[in-house]
Protein chains: 2
Amino acid sequence: MALAESPAHDERRYFEDFVPGMEAEYGTVAVDAEEIVAFARKYDPQEFHTDPVRAAQGEFGGLIASGWHTASLMMRLLVDRYLSNVASLGSPGVDELRWLAPVRPGNRLSIRVTVLDARRSRSKPHCGLVRSFIEVLNEAGTVVMTVKGMTLMRCRDAGNQPARSAPDP
Amino acid sequence: MALAESPAHDERRYFEDFVPGMEAEYGTVAVDAEEIVAFARKYDPQEFHTDPVRAAQGEFGGLIASGWHTASLMMRLLVDRYLSNVASLGSPGVDELRWLAPVRPGNRLSIRVTVLDARRSRSKPHCGLVRSFIEVLNEAGTVVMTVKGMTLMRCRDAGNQPARSAPDP
């Protein structure tokens, strides 16, 4: 796994900085056969992920990365470039994860992220939930994976939210 | 990652053997702090996954596994115990992945799998799509993750499917 150089990551971003409609691209991360096989031997030992010879004879015509490996590489790009250490409080889950095209040795992956919506939490007033649409692309621009992700994020103005019962000003 | 002993896996299962309503449990896989940190340093370097000291002071009160690590451990159990090498042709994706409770060092995970539905493919007559509901449980029986997964599987009677226009017998 080789991560390309990238501009410094703004670590001061909070929930309020993730505005619906915002779109950005981040990358790249390179993946080679050795890492594909090592990941799959541990977590997804199917022969089209672990055995170059059998994989070449099979449905995919060669070694392909485990979909969970692709998702993990996406996560690395999200953590390094999109999320924020000061704000990220983990994720309750993802929806509609789709593996659309094989990821093969030598591919360089990038991500395109669009903020779908962002809403303050009622049960945890110091944070909000950001939903993002994430596309993972290879170096040819082919979308290899998409997912709708959720991230719980700390708010900058944690104490500044009007009470729900407060009268309008 | 330590996998518990398990009965031999039936590698002769095909699409036809995954019957809606079928439910089974498989396990276990143990996860320790060293593996949690190693996975996260590579793929999800947020401090609640990588730094035991900072994690102890933070939102989760200690180190927790990356959700993608938990998903990968689930996949290992699926490949070893539930899927079938002769039939599995990969997956187009998953739906409604939810991380419901933290996975912590020392946890032993198992999976409970229920076949939701199974249908023959029209575009690829030699295979079918199986949708499964997968729950990941810890040793206390707490469900830590759920997901609806899809798997494309080879059929045993690939040439034996009635043509769609054939009259009923």
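Quick note on labels: first sequence line is chain A, next is B, and so on, each numbered from 1.
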Which distance, rounded to the nearest 0.5 Å, do you find between the [atom1] of [X] and the [atom2] of [Y]?
{"X": "A/Lys124", "Y": "B/Glu59", "atom1": "NZ", "atom2": "CD", "value": "6.0 Å"}
{"X": "B/Leu73", "Y": "A/Asp44", "atom1": "CG", "atom2": "CG", "value": "12.0 Å"}
{"X": "B/Asp95", "Y": "A/Leu97", "atom1": "CG", "atom2": "CG", "value": "8.5 Å"}

In one Ile/Leu/Val/Met/Phe/Trp/Tyr side-chain cluster, 4.5 Å: [X], [Y]:
{"X": "B/Val79", "Y": "A/Val103", "value": "yes"}
{"X": "A/Met22", "Y": "A/Leu83", "value": "yes"}
{"X": "B/Ile134", "Y": "B/Met150", "value": "no"}
{"X": "A/Trp99", "Y": "A/Leu78", "value": "yes"}
{"X": "A/Val144", "Y": "A/Val113", "value": "yes"}

Original post:
Based on non-hydrogen pairs under 4.5 Å, which of A/Glu47, A/Lys42, A/Lys148, A/Glu96 is most in contact with chain B?
Top reply: A/Lys42
Original post:
Can you tell which of A/Gly67, A/Gly90, A/Ser88 has the highest number of heavy-atom pairs within less than 4.5 Å of chain B?
Top reply: A/Ser88
Original post:
Hey, is the main chain of B/Arg41 close enough, under 3.5 Å, to the side chain of A/Arg76 for a donor-acceptor pair?
Top reply: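 Judged by distance alone, yes, a pair lies under 3.5 Å.
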**OP:** Identify which part of A/Met145 has an atom lying under 4.5 Å from any heavy atom of chain B, answering side chain, backbone, both or neither.
**Re:**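 Nothing of A/Met145, per the 4.5 Å heavy-atom cut-off to chain B.
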Original post:
Aromatic rings B/His69 and A/Tyr43: how do their planes relate, parallel, tilted or perpendicular, breaks at 30° and 60°?
Top reply: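 The arrangement is perpendicular - the two ring planes meet at more than 60°.
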Original post:
Is it true that atom CD of B/Glu23 has more than 12 heavy atoms of other residues, nucleotides or ligands lying nearer than 6.0 Å?
Top reply: yes
Original post:
Any chance CZ of B/Arg104 has more than 12 other-residue heavy atoms, nucleotides or ligands included, within less than 6.0 Å?
Top reply: yes
Original post:
Side chain, backbone, both or neither: which part of B/Met74 has a heavy atom under 4.5 Å from chain A?
Top reply: side chain
Original post:
Between A/Arg98 and B/Val94, what is the shortest heavy-atom contact and its length?
Top reply: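 Smallest interatomic distance, heavy atoms only, reads NH1-O, 3.1 Å.
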**OP:** Could you tell me which of B/Gly58, B/Ser66, B/Pro45, B/Ala71 has the largest number of non-hydrogen atom pairs under 4.5 Å with chain A?
**Re:**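 Highest number of pairs under 4.5 Å: B/Pro45.
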